[in-house]
Amino acid sequence: MQISNGKTFLSFSEALSAGIAGTVPAFNWLVPLLDANGADEKALLTGADRLRAKTMGNSVHLRGLIEFSNFCRKNCHYCGLRAVNQKIKRYRLSETEILDTALKAEKLGYKTIVLQSGEDLHFSSDVMCGIIKELKNKTKLAVTLSLGERDETTYAAWKKAGADRYLLRIETTDPVIFKAIHPDSDLEYRKNCLYILKKLGYQLGSGVMVGLPGQTSLNLAGDIIWMYKLGVEMVGIGPFLPHKETPLREEKGGTLNQALRLVSVLRLVFPYAHIPATTAMGTIDPLGREKALEAGANVIMPNITPTGVRPLYEIYPNKICLDETADKCFGCVTARIIGLGRTVGTDYGHVKRNTK
Ligand code: SAH
Ligand code: SF4
């Protein structure tokens, strides 16, 4: 395969070793890398793994994920939590349950928890401020939020209350695809949420789904370029997995290899970013997360939601680790990491401010 760096055409391995890594991403090299197959694909994945070892080291950071509410006001066409889905039982964890889960996580050795939910306005600006302050008072944990789209005042209040990081995937930056799958979201509004979060000083994570209906490598390249300009510090991606209670039930969904190539390309573009091996990759293939960790990823987000409600947070079907208690999960993930010859991160794994 030949890749143009804007001046000359390079062979695939020349392009990797001649250091396109960390340079301003451009369509003419992103697209061929995203489409790589055979020996080229292997070279891409190995190259990204080597770069990860150099920039981020050997340790894998664990972030404990607490899915604290599956109520959602939105109707994203891909997601099982969409408001009109009456087939799922809805739940909210109480403030005490959230705090207890966090305390348990800290005892196990977690340094970060991620509070994620549907867009549930029960957790208002004030209610969340109370929870964040309590977590910050009672633990030394870094707190990441992933509660979807809110207004600037709310994001500012949560930051002031002590939140460290925010995850909001842009999902896709293609206006046509975005509109087709988000009946009640607006691409410009969502982009603006990310600009605001950045301005407020959150350590910022975004990302996309791979294999959305109509999505091409050109679209994914556009997503990468947009996230590069935004200056994301964490990038979470995963295959889109069709859910039967959604309008996209008949779609094909993404593949593990598409996701792995994207992880690798992201590592080249963002040598210093935190990139998780996501649960969706572990769902599509039992070794999906390990494969991602060997293709450029350096983070895992084990699910530490109380097991009683865990199956109810069904954004996509067949999610893994539904009945593993938090300590079993910690042990399992640690063993997998050690099995790869890596170590579990013992520091906070805060973002490296210049990820480019
Ligand atoms: N409500 C918040 C956070 C919860 S959803 C938000 O939407 O931002 C978290 C992520 O799950 C979404 O960003 C989306 O990328 C992913 N997701 C939802 N449905 C999915 C599906 N069917 N397959 C794969 N990922 C999905
Ligand atoms: Fe709600 Fe997020 Fe699912 Fe959309 S992706 S329906 S906002 S939980």
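All ligand and atom numbering here is 1-based and tracks the order in the structure. Reckoned from all heavy atoms, side chains included, excluding hydrogens, waters and symmetry mates.
No cation-pi contact links R92 to F68, judged by a cut-off of 6.0 Å to the six-membered ring centre and 45° from its axis.
Near Y78, meaning under 4.0 Å from any of its heavy atoms, are these atoms of ligand 1: 18 (C), 19 (N), 20 (C), 21 (C), 22 (N). Per-residue contacts place R190 under 4.0 angstrom from the following atoms of ligand 1 (heavy atoms of the residue considered): 6 (C), 7 (O), 8 (O). Every atom of ligand 2 with a heavy atom of Y78 under 4.0 Å away is listed here by number and element: 5 (S). Heavy-atom proximity to C76, at under 4.0 Å, picks out these atoms of ligand 2: 4 (Fe), 5 (S), 6 (S), 7 (S). Proximity to Y313 (heavy-atom distance under 4.0 Å) selects the following atoms of ligand 1: 4 (C).
Taking the six-membered ring for Trp and thresholds of 30 and 60 degrees, Y155 and W158 have ring planes more than 60 degrees apart, a perpendicular arrangement.
Aromatic ring centroids of F71 and F123 lie 6.0 Å or more apart. Ring to ring, H274 and H61 are close: their centroids are under 6.0 angstrom apart.
Of all the heavy atoms of P239, the ones lying under 4.0 Å from any atom of ligand 1 belong exclusively to the backbone. Heavy atoms from both the backbone and the side chain of C79 come within less than 4.0 Å of ligand 1. Residue-level proximity to ligand 1 for R169 is carried by the side chain, the only part with a heavy atom below 4.0 angstrom. Within the 4.0 Å heavy-atom criterion, neither part of E149 lies near ligand 1.
Looking at ligand 1, you won't find any N or O of Q116 less than 3.5 Å from one of its N or O atoms. Distances between N or O atoms of L241 and those of ligand 1 include at least one value under 3.5 Å.
No side-chain heavy atom of C129 sits under 4.5 Å from any side-chain heavy atom of V127.
Heavy-atom proximity to atom 13 (O) of ligand 1, evaluated over R73, E171, E119, is greatest for E171. Of the candidates G80, C72, G118, the one placing a heavy atom closest to atom 1 (Fe) of ligand 2 is C72.
Linking ILVMFWY side-chain heavy atoms closer than 4.5 Å, directly or via other members, places I170 and L218 in a single hydrophobic cluster. One hydrophobic cluster holds both V299 and V114 under the rule that ILVMFWY side chains link at heavy-atom gaps under 4.5 Å.
Ligand 1 is approached by S117 to a heavy-atom distance shorter than 4.0 Å.
Here H182 fails the criterion, with no N, O or S atom under 2.8 Å of atom 4 (Fe) of ligand 2.
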**Report entry** Pair H182-Y78, ring pair (Phe, Tyr, Trp, His ring centres under 6.0 Å): steps then yes or no
**Finding:** CA-CA 9 Å; H182 294 109; Y78 41 85; 5.3 Å; yes
